[in-house]
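Whatever order the structure lists them in is the order used to number ligands and atoms, beginning at 1. Remember, predicted model here, so these are calculated numbers, not experimental data.
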Amino acid sequence: MDPFVAGLPKCELHLHIEGTLEPELKLELARRNGVELPYGTVEEARDAYRFDSLSSFLVGYYESMAVLRTEPDFYDLALAYLARAAAQNVRYAEIFFDPQAHTARGVPFDVVIRGLRRALLDGERLHGVRAQLILCFLRDQSAEFAMATLLESLPYREWIVGVGLDSDERGNPPEKFAAVFARARREGYLLTMHCDVDQENSTAHIRQCLDVIGVDRIDHGVNALDDPELAAEIGRRGLALTVCPVSNGFVTDGPKADVIRRMLDLGLRVTINSDDPAYFRAYVAENLDVVRRELDLTRDELVRLERNAFEAAWLPRAAKDAYLAELETYAGASRAVGAKKGEDA
Ligand SMILES: [Zn+2]
């Protein structure tokens, strides 16, 4: 790991809390809850995290969630992520959660969100990482189920900053959820949606995100560059794209570093994120380091990726400015060290 990347103050905007379930915690939760798993060791559990496509990934992903049952389970899951994030100098994170994946198997919404909320409060106190929650709807479920989940979330409105859309995109276009997202907007939630990589009708779906849904952000969205007019519109609106290179490498033909380069060159607000780090075995620092190596990024370009992320964060202006100042201080100190080394040489 490049030391500059390791120390860089980071902002993560595309992270599924269920995707941070490391094999060690999975086994511990299975024991705690008396859930039978088809393996007994950490190595076997890690080996089970194998897939070569989005659909094979999703099968294992939902299977793993069976160990999450109680409020302390969700608390432990989120607090473990925040401790890891703090160790990588993540300063702020926006965390997706999939309530339908839990309520559908009998775990109440209240249990899920209370566990996560308590972890976020303790994460900030114990580890100094601020975080907010984004409720994701499962797009391969019905729009009615999504609407019911949205209504279920309303008593917890103050604990959730926005809503998103994830799971399998094939045959599940953004417009399927137009009424759900319109209602979410009226309730004061900010809006984002997954636009998965190299899926069928990808650019048409991104266009729907802009014109039908009116998103505030796009998750992934790598295929936007297939259509220059679409890319230009994303630029005009200043929409951030939460790109996840290591995840892309698992479920498509590679980390799409060349697309990240073109996004930077076009001045788009591209950000680097980890998606499901326990499954892809790369947290946000490792993702940044992959892009750094693939594109031979300069320190200024790495700083720019994090500046993009803090600018795109769903935070009040003053909070963003405080993080941006911290980032500039880090960058300035590194430039000063570089200049001193130049003098010495
Ligand atoms: Zn994702």
Side-chain angles (χ1 to χ4, degrees), residues 10-21 49 51-62 64-65 77-78 81 85 90 93-102 116 131-141 146 160-170 172-174 177 181 190-199 202 205-206 209 213 215-224 239-252 254-256 259-260 263 270-284 286-288 290-291 309 312-314:
K10 298 173 187 70
C11 171
E12 173 140 68
L13 301 177
H14 186 152
L15 180 280
H16 301 267
I17 201 63
E18 293 88 351
T20 68
L21 180 59
Y49 285 4
F51 37 83
D52 53 10
S53 66
L54 183 61
S55 42
S56 62
F57 162 72
L58 288 171
V59 169
Y61 187 62
Y62 292 124
S64 291
M65 291 186 200
L77 176 69
Y81 162 70
V90 172
E94 286 172 9
I95 298 178
F96 294 130
F97 70 113
D98 283 334
Q100 291 165 282
H102 311 302
L116 297 177
Q132 299 196 89
L133 293 172
I134 299 175
L135 185 165
C136 264
F137 304 109
L138 302 182
R139 69 197 309 160
D140 46 3
Q141 302 287 321
I160 302 168
V161 68
V163 297
L165 188 68
D166 63 7
S167 204
D168 202 340
E169 185 170 335
R170 276 173 306 173
N172 299 297
F177 298 92
F181 277 70
L190 292 162
L191 311 181
T192 187
M193 276 191 174
H194 277 54
C195 296
D196 280 333
V197 180
D198 297 345
Q199 289 282 324
S202 188
H205 286 187
I206 297 172
C209 280
I213 307 296
V215 292
D216 300 294
R217 183 186 294 165
I218 293 170
D219 298 314
H220 296 300
V222 162
N223 294 94
L239 294 176
L241 299 131
T242 65
V243 177
C244 308
V246 175
S247 162
N248 291 170
F250 271 87
V251 300
T252 74
K256 305 290 182 188
V259 183
I260 293 166
M263 286 177 171
V270 54
T271 69
I272 304 298
N273 307 271
S274 69
D275 207 1
D276 299 287
Y279 291 80
F280 303 130
R281 297 170 206 187
Y283 283 76
V284 66
E286 286 83 9
N287 274 270
L288 279 162
V290 163
V291 180
W314 287 342

Discussion item. Side chains of F57 and F280, heavy atoms from C-beta outward: is any pair under 4.5 Å?
Written reply: yes
Worksheet entry | Metal site the Zn ion (ligand 1): N/O/S of H194 inside 2.8 Å | yes
Worksheet item: Under 4.5 Å between any side-chain heavy atoms of V161 and I134, yes or no?
Response: yes
Discussion item. Rounding to 10°, state the angle centred on the Zn ion (ligand 1) that links NE2 in H16 with OD1 in D275.
Written reply: 90°
Worksheet entry | Test of ring centre spacing under 6.0 Å for H194 and H205 | no
Fill in: Minimum-distance atom from the Zn ion (ligand 1) among N, O or S atoms of H14
NE2
Worksheet item: In Å, rounded to the nearest 0.5 Å, how long is the span from OG of S274 to OH of Y279?
Response: 13.0 Å
Item to complete: Examine all N, O or S atoms of C244, backbone included, and report whether one is under 2.8 Å from the Zn ion (ligand 1).
Response: no
